[in-house]
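Only a predicted model underlies this, so the values are computations on that prediction, with no experimental measurement involved. Nothing fancy with the numbering, it's 1 onward along the sequence.
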Amino acid sequence: MSRFYITTPIYYINAEPHLGHAYSTMMADAAARAHRLMGDDVFFLTGTDEHGQKVERAARKAGVPTPEFADATAQRFHELSPLLNISNDDFIRTTEPRHFRAAQELWRRVKARGFIYKGSYEGWYCTVDEVFVPDTQLVNGRCPTCGNNVERLEEESYFFRLSAFQDRLHDYYARHPNFVTPPGRRNEIVAFIEGGLADLSVSRTSFTWGIPVPDDPAHVMYVWFDALTNYMTAVGYGSTEEAAASTFGKYWPADVHLIGKEIVRQHGIYWPAFLMAAGLEVPKKLVSHGWWMMNGAKMSKSIGNVVQPAAYVRQFGVDGLRYFVMREMAFGQDADFADEAILGRYNADLANDLGNLVSRATTMIHRYCGGVVPRATPALLTREAEVGLRSGVEALVGRVRAAVESFQFNVALREIWDVIGATNRYIVAREPWSLARDAAKRGELDTALYIAADTVRVVGELVRPFIPGTGERILEMVGVMPSPQSWVALASGALEPGIRIGKTEALFPRIEHSVEELRAMSSDPSQPGPPGAPGAPPLAPTPAPAAAAEPPRIAIDDFMKVELRVAKVLAAERVPKSNKLLKLQVDVGVEQRTLVAGIAEAYEPEAIVGRTVVIVFNLKPAKLMGIESNGMVLAASPDGGKPTLLGFDAPPAPGTRVR
Ligand code: MSP
C-alpha cells in the first residue's frame with residue numbers, strides 16, 4: 001500500500017467561497033477518492049488561510065473583533081465539504097494553536113541555520129495580494145495582478161535569504177523535471193529563477209493579525225511563510241507528541257499540492273526554499289490548474305463575477321456540478337463557466353447517456369430475468385460485437401487510472417462516456433426486447449443483458465471519484481456493494497451471475513426548463529432542491545428518456561391512486577421570466593384552483609381560456625417559480641416538440657373523473 005498525501009490551497013477568508021475555490025477542492029477530492037479506491041493510504045487536506053492585513057481590515061470594517069470575523073468566514077469554507085461531498089481527512093485553520101506551533105518551529109529552525117536575518121524594507125505594497133510590488137512591475141502605479149492601488153511602506157523586517165537558494169532551486173528543477181505540471185508553468189518558474197532571486201521580506205510590523213515571530217513579537221510572519229507551513233502542520237509538524245511525529249514521518253513530503261496557476265511561484269520557489277533552508281524534504285509534485293472564467297475574466301470576488309456552488313448544487317445536484325466542472329475543464333487550461341453548458345451536459349451526458357444506460361440495463365434484468373443477473377453463454381461472447389465491447393471496457397480501466405494519475409480528469413470522463421455510448425449502441429443493436437419474445441433466443445438475451453450489466457458495474461466503479469454518490473447508487477442498482485478498494489482488481493466480467501440486483505431508480509431526471517427559468521428559480525428560495533435529492537422533488541416532472549427499455553408495468557390499484565379529473569380553464573396568464581409556464585385558474589367542479597402548466601410555448605393564454613382539460617387532481621401542491629401549483633395539466637409531450645393538450649369530442653362537466 002503506498003501513501004498519498006494531497007492538499008488544496010488554503011483559502012483566504014476575506015471572500016465567500018466561489019466555484020473557483022470549490023473546483024480545487026472537488027478536483028483534489030476526486031484524486032483522493034481514486035487513490036483510496038486504488039488501495040492507497042490517503043491523507044487529504046484542505047482549510048483556510050486566515051491571517052494578514054486584509055482580514056484585519058475587513059473585520060474592522062464589519063465592526064467585529066478579528067477572531068470572530070475569522071470564525072464566521074472560515075465556517076463558510078468548512079461548509080463546502082458537506083455541500084460538495086468532499087472526503088477531506090482534515091480541515092486546517094491557520095489560526096489554530098497547532099499551526100502557530102508549527103510555523104514558529106519552522107521559523108526557529110530556518111533562523112538557527114542562518115537563513116533569516118533582520119533588515120528594513122521599503123517598497124510598494126499591495127494589500128489585496130499581500131505582496132511588495134517591485135517598481136518595475138507596477139502597471140500605471142497599480143498592482144499588476146489585481147489592479148488595485150499600492151501603498152508605500154517602510155518597515156523593519158526579517159528577511160529570508162532566498163538568494164542563497166538560487167543554484168539549489170535551479171538544480172532541483174533540473175533533476176526533477178516533473179516537479180511542476182503542466183510543463184509550461186514549470187518553464188515559467190525556471191525562467192524566473194534564472195532571472196535572479198532577491199531575498200524575501202518575511203515579517204511585518206504594520207499589523208498584528210498574524211503569527212508572532214519567535215522572540216520578537218512586534219513582528220508577525222509574512223502570510224505566505226505562515227500559510228505554506230499549513231501543509232506540514234496538519235500531518236504533525238511542530239507537535240511534541242510522539243504520535244504526531246510518526247504521522248509526519250509517514251506523510252511528509254506531500255505527494256501533491258494542487259494549486260491554481262496564480263500561486264505557482266510561491267509554491268514552486270518560496271516553499272521549496274523554506275524547506276531546504278530547514279533541512280526538510282520538498283513536496284513531490286505541484287499540480288496547477290487553470291482558472292474558471294466568466295464573461296472573459298477570472299472568476300473572482302474583486303470582479304464580482306462569481307458562481308455560487310450552492311445554487312448549482314440546488315439545480316443540478318452535487319454530482320451534476322462535480323461532473324460538469326471535471327468534464328469541462330481541460331487540465332491546465334482556463335475554462336468558461338456558462339449555464340447553457342452545464343444544462344446541456346447535464347441533460348446529454350448524465351440524464352441521457354449514463355441515466356439511460358443504467359436504467360435500461362437494470363429495468364430489462366428485472367423484466368426478463370426476474371431481477372437476477374443472467375449468465376452469458378461463452379460461445380456467444382466470442383462474437384465481434386461482444387469481444388469489441390468487452391475489450392473496450394478492459395482497456396478503459398487502465399486508461400482511466402492513467403488519466404487520473406496525471407490529473408486529466410476530463411480525459412478520464414471522456415473515455416468513460418465513450419464506453420457508455422458504445423454500450424448503449426450495443427443494446428440497440430442486440431435489441432433484447434425483441435430477443436425476449438423468442439424462447440429460442442434466451443442465450444442471446446442473457447448474454448446481452450449480462451454484458452450490459454457488467455459494463456454498468458465497471459462504469460459505476462470508474463465514476464466513483466468524480467460523482468461518488470452516483471457511482472455508489474449505480475453499484476447498488478446492479479447488486480454490488482460499493483467496496484473501499486475496488487479499483488485494485490477492477491476488470492470486466494467480474495459481475496457474478498445469479499446475484500439479485502437492486503431497485504431501478506432515475507439517476508438524473510431530465511431538466512426541461514430553459515436556462516432563463518433555471519436562473520429565475522435559483523433566485524427563488526422557495527423552489528425545490530436538486531433533482532433526486534432526498535425529500536426534494538425533481539425540477540421537472542419528466543418521463544423516462546424515450547430510448548429506455550419498457551418501464552415495469554403497474555397494477556390497476558396503482559393507477560387508481562391517481563385521480564384524473566376534467567377541469568375548465570377560467571383564466572390564464574404567462575408566468576413572468578418563464579418561456580414555458582402558464583399560470584391557470586381552473587374550475588374543477590367542487591372548487592376553483594390555481595395551477596402552473598408548462599405549455600406556454602404551444603398555447604397563448606387567451607387561446608386556452610374556456611377550454612376543457614384533464615388534470616391530476618390529487619397531486620401534492622408544489623411551488624413553480626414562486627407560484628403554488630395545485631395539480632398538473634395533462635398534455636402529450638413529444639421529444640423535442642411542443643406539448644398538445646388532451647381534449648374531448650364533447651367536453652364533460654368540470655369535476656368529472658377520468659379513468
Ligand atoms: N491563501 C492563498 C493560498 C495559500 S496556499 C498555502 C490563496 N487563497 S485564495 O483564496 O485566493 O485561493 C486561491 C485558490 O483558489 C487558487 O489557487 C485556486 O486553486 C482557487 N481559485 C480561486 N479562483 C479561481 C478561479 N477563478 N478558477 C479556478 N480556481 C481558482 O491564494
Side-chain angles (χ1 to χ4, degrees), residues 347 351 359 363 506 509-514 517 521 526-528 531 536-548 550-659:
N347 277 337
S359 111
T363 303
R510 266 189 86 79
I511 298 179
E512 301 287 5
H513 295 279
S514 66
E517 285 169 349
M521 290 163 91
S526 67
Q527 287 304 311
L539 289 171
T542 47
E550 289 174 58
R553 301 201 177 187
I554 58 167
I556 182 80
D557 298 354
D558 293 326
F559 173 70
M560 293 307 278
K561 283 186 204 147
V562 182
E563 210 175 314
L564 302 178
R565 287 196 185 217
V566 173
K568 189 165 178 183
V569 180
L570 303 174
E573 63 187 81
R574 288 188 177 276
V575 171
K577 294 197 223 146
S578 167
N579 294 335
K580 295 204 172 168
L581 301 179
L582 289 187
K583 177 181 167 193
L584 307 179
Q585 194 65 25
V586 297
D587 173 5
V588 287
V590 284
E591 59 183 328
Q592 290 189 4
R593 283 189 179 188
T594 301
L595 42 85
V596 177
I599 55 173
E601 285 175 325
Y603 296 91
E604 289 302 325
E606 315 76 62
I608 64 158
V609 173
R611 202 169 156 146
T612 298
V613 295
V614 180
I615 68 160
V616 181
F617 181 76
N618 60 341
L619 201 62
K620 282 190 187 147
K623 274 205 170 166
L624 285 167
M625 306 284 285
I627 303 169
E628 187 171 280
S629 181
N630 270 286
M632 184 170 95
V633 177
L634 295 190
S637 309
D639 259 356
K642 293 183 173 172
T644 306
L645 286 169
L646 255 64
F648 297 95
D649 294 338
T656 310
R657 187 134 189 218
V658 179
R659 51 189 150 208

Taking NZ in Lys568 as the centre, count heavy atoms belonging to other residues, nucleotides or ligands within less than 6.0 Å. Is the count above 12?
no

Measure across Leu584 and Ala572 and return the closest heavy-atom pair with its distance rounded to 0.1 Å.
CD2-CB, 3.6 Å

Which pair of heavy atoms, one from Phe617 and one from Glu591, lies closest together, and at what distance?
CZ-OE2, 4.2 Å

Go through the structure and list residues passing side chain to side chain contact (heavy atoms under 4.5 Å, CB included) with Pro621, not counting sequence neighbours.
Glu628, Asn630

Residue pairs passing the side-chain hydrogen bond (donor to acceptor under 3.5 Å, both in side chains) test where at least one lies in residues 649-659, sequence neighbours excluded
none

Would you say the side chain of Met625 lies within less than 4.5 Å of the side chain of Val575, judging by non-hydrogen atoms?
yes

Distance check, rounded to the nearest 0.5 Å: Gln585 atom CD versus Leu570 atom CG?
6.5 Å

Would you compute the distance between atom NE2 of His513 and atom CG of Leu581 and round it to the nearest 0.5 angstrom?
6.5 Å

Could you list the donor-acceptor pairs under 3.5 angstrom formed between side-chain atoms of residues 595-615 and any protein atom two or more places apart in sequence or on another chain?
residue : atom : partner : partner atom : Å
Tyr603  : OH   : Leu645  : N            : 2.7
Glu604  : OE1  : Arg574  : NH2          : 3.4

